[in-house]
Each structure stands twice: as C-alpha cells, then as structure tokens.
Asker: 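Quick one: the structure is below, and I'll ask about it shortly.
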Amino acid sequence: MLLRHLLFGFLAWPVVVLAQSDGNARPSVKVGDVSVYVVNNRSDNKQSEETVTVTSVEGGQIKTKHVRPDRNPPELEGVTNLDLNPLVSGASGTRFEPAIEIYRFPLKVGDSWKTRSEAVGLAGSRSRSEVEVKVVAQEKVATPGGEFDAFRNESNGWINGVSWQGAIRVSQTIWFAPSIGRAVKSDYKDYRNSSLNTSTLTELKSHKPAP
C-alpha cells in the first residue's frame, strides 16, 4: 500500500549507506554494500526479511536492489539522492517529487524542518504529503545487528489523497547511526480516522560492506 511507504518506508530506504568518515556528515556509499533488515508488520503480526544491495552510485543518485520474498513483486529498485532522501521507495516502488527530505546533514540535535512531496504509486495512485522532521536526541539503540550510538529523528505529518479521497496521519521515528552511515531502526505508524491503520518496526539484522 502506498501509504505505508510514503514517508520513508525505511528501506527506500535511506538506508543503504554503509561507510562513514565523519560523525554526522553526509555518508558515503559503495556499490556492493549488502544489508539485511527484519521487517515486523505489527498490524497483522507478520515478520519478514528484506535484503538491500547498492547497485549504482552515479549522477547524484544512489540505486539499490530490494529483495523481499513475501512481497509481490519480490524485487524492487530504490533510488535516493546523495543525502539519502528517497526519490523512489525500494519498499513499494512509489516515486516522489521532490525527494522526501528525511535528513539534513550534518545532523544536529534541535534542528527541525518541513518536507513536502507529491507521490505516484506503482498502480498510479497520487497523493501529497507534508511532514515535520525533528532531530530529537543522540542515544544508544539496540537492534538484532548490534547496539549503536544514533541520532533519533522524529517525523509527523499528513498524507492527502489526490487520486483518492481522505487524509492519513503519519508518524515515524528513525535512528541513524553515524558510525556506519545508515539508519539502523525505524518505527512507523499511520492512522485513518484516528484509528491505527499500519504499524511497522524495521531493524538492521546484518551488514556486509563492499570489499
């Protein structure tokens, strides 16, 4: 569903950058980096894994292959700009114009900004979003792939239908670990008519940098 992945889907990923030279500067990316995530859809109590591989870094864009066996289609391409902000969701195939500004490097606790984007899903559904992002804290976070010192970004806003009627309230917390230049955990929720519609927890399981 478009809505679940419109904000960040985590795996659009923002999430595919693996090398970091400066604590909170823009991360660097290498073709061949491979990461595995545990995706826990708490709405229907289902858990799956998604493997993300960096396939291209050129022309100001990062392209990634996202493989998730329980999804149809099981393989999608994700695209971000060099600041890791998604242009195409690797979780759903949704396209964004402009990129959703998840990050503003260097990250600094206390910074906040608004990001607006129009989205087109694989089936052609259209929507607009307006989200406020805040860098709330630096803290330790535990994942199946280990414990990391991370920036905690909190995002809250709305998705408004263009080709469909209604509005969805969305919230997401992302933990970004400068030591490996990537987000290592995401907690996403969206609400319809004040009722929880989607709740997804995504966590890093393993990471293998390119040689």
Side-chain angles (χ1 to χ4, degrees), residues 1-17 24 26-27 37 39-43 50 52 62 78-92 94-121 127-141 143 148-162 166-178 181-204:
M1 185 177 183
L2 166 64
L3 302 176
R4 184 166 71 86
H5 304 292
L6 180 56
L7 244 187
F8 320 120
F10 186 65
L11 294 176
W13 81 37
V15 223
V16 295
V17 188
N24 61 352
R26 174 192 284 177
Y37 300 88
V39 182
N40 183 5
N41 188 341
R42 294 171 295 196
S43 305
E50 184 160 344
V52 181
I62 302 164
V79 183
T80 73
N81 61 23
L82 297 182
D83 285 323
L84 315 186
N85 296 317
L87 293 158
V88 180
S89 169
S92 67
T94 300
R95 295 182 175 274
F96 308 105
E97 177 60 43
I100 299 177
E101 196 175 16
I102 302 169
Y103 304 111
R104 282 186 179 178
F105 293 103
L107 297 176
K108 181 181 178 182
V109 174
D111 281 355
S112 65
W113 60 90
K114 288 186 177 180
T115 179
R116 298 176 178 86
S117 185
E118 295 192 7
V120 179
S127 61
R128 296 188 179 99
S129 65
E130 181 172 330
V131 176
E132 183 173 10
V133 183
K134 296 181 179 179
V135 184
V136 176
Q138 282 185 272
E139 60 191 19
K140 289 188 180 296
V141 61
T143 75
F148 299 89
D149 290 316
F151 285 92
R152 173 160 54 94
N153 279 23
E154 295 183 357
S155 304
N156 292 279
W158 293 86
I159 300 168
N160 295 285
V162 174
I168 307 295
R169 181 168 65 88
V170 292
S171 69
Q172 183 167 35
T173 301
I174 289 180
W175 286 264
F176 178 87
R182 67 183 297 161
V184 294
K185 184 175 180 179
S186 166
D187 189 353
Y188 173 85
K189 297 181 177 67
D190 64 46
Y191 301 81
R192 288 178 178 266
N193 300 320
S194 300
S195 297
L196 181 64
N197 180 62
T198 305
S199 178
T200 304
L201 179 68
T202 304
E203 298 177 289
L204 175 70

Asker: Using a 4.5 Å cut-off on heavy atoms from C-beta on, say whether the side chain of Y103 contacts that of F176.
Answerer: yes
Asker: Excluding sequence neighbours, so at least two apart, what forms side chain to side chain contact (heavy atoms under 4.5 Å, CB included) with L201?
Answerer: N40, R42, K185, D187, E203
Asker: How about I102 and L84: do any of their side-chain heavy atoms sit closer than 4.5 Å?
Answerer: no
Asker: A side-chain contact here means heavy atoms from C-beta on lying under 4.5 Å apart; do R104 and V133 qualify?
Answerer: no
Asker: Under the side-chain contact (heavy atoms from CB on, under 4.5 Å) rule, what do R128 and V162 come out as? Steps first, then yes or no, please.
Answerer: CA-CA 7 Å; R128 296 188 179 99; V162 174; 3.6 Å; yes
Asker: Could you give me the CA-CA distance, side-chain angles and deciding distance for L204 and F148, then say whether side-chain contact (heavy atoms from CB on, under 4.5 Å) is met?
Answerer: CA-CA 11 Å; L204 175 70; F148 299 89; 3.7 Å; yes
Asker: Quick check for you: to the nearest 0.5 Å, what is the distance between T80 atom OG1 and I62 atom CD1?
Answerer: 3.5 Å
Asker: If I compare all heavy atoms of T94 with all of G121, which pair ends up nearest, and what's the gap?
Answerer: OG1-CA, 4.0 Å
Asker: Could you tell me the separation between the CZ atom of F96 and the CG atom of N81, rounded to the nearest 0.5 Å?
Answerer: 12.5 Å
Asker: Which distance, rounded to the nearest 0.5 Å, do you find between the OG1 of T202 and the CD of E50?
Answerer: 8.0 Å
Asker: Considering only heavy atoms from C-beta outward, does the side chain of S112 approach that of E132 to under 4.5 Å?
Answerer: yes
Asker: Tell me the closest heavy-atom pair linking V109 and A137, and the distance in Å.
Answerer: CG2-C, 3.8 Å
Asker: Nearest 0.5 angstrom please: D111 CG to N153 CG, how far?
Answerer: 9.5 Å
Asker: Considering only NZ, NE, NH1 and NH2 on the basic side and carboxylate oxygens on the acidic side, decide whether R152 and E154 come within less than 4.0 Å.
Answerer: yes
Asker: Identify the heavy atoms of I168 and R192 that sit nearest to each other, and give their distance.
Answerer: CD1-CG, 3.3 Å
Asker: Taking S127 for the side chain and N160 for the main chain, is one N or O donor matched with an acceptor at less than 3.5 Å?
Answerer: no
Asker: Given 3.5 Å as the limit, does a donor-acceptor pair link the side chain of D83 with the main chain of N85, or not?
Answerer: no
Asker: Compare all side-chain heavy atoms of V184 with those of V141 and state whether any distance is below 4.5 angstrom.
Answerer: yes
Asker: Check W175 against S186 and note the closest heavy-atom contact, atom names and distance.
Answerer: CE3-N, 4.3 Å
Asker: Donor-acceptor pair, distance only, cut-off 3.5 Å: does the side chain of W113 make one with the backbone of E101?
Answerer: yes
Asker: Taking all non-hydrogen atoms of both residues, which atom of T115 and which atom of A99 are closest, and how far apart?
Answerer: OG1-O, 4.2 Å
Asker: Grab the two heavy atoms, one from G181 and one from P27, that are nearest each other, plus how far apart they are.
Answerer: O-CB, 3.7 Å
Asker: What is the distance from atom CZ of R95 to atom CG of L87, rounded to the nearest 0.5 Å?
Answerer: 9.0 Å
Asker: Would you say Y191 and L196 make side-chain contact, with heavy atoms under 4.5 Å?
Answerer: yes
Asker: Give, for atom OG1 of T173 and atom NZ of K189, the distance between the pair rounded to the nearest 0.5 Å.
Answerer: 7.5 Å
Asker: Between the side chain of S43 and the main-chain N/O of S199, is any donor-acceptor distance below 3.5 Å?
Answerer: yes
Asker: Do E130 and K114 touch side chain to side chain, with heavy atoms closer than 4.5 Å?
Answerer: yes
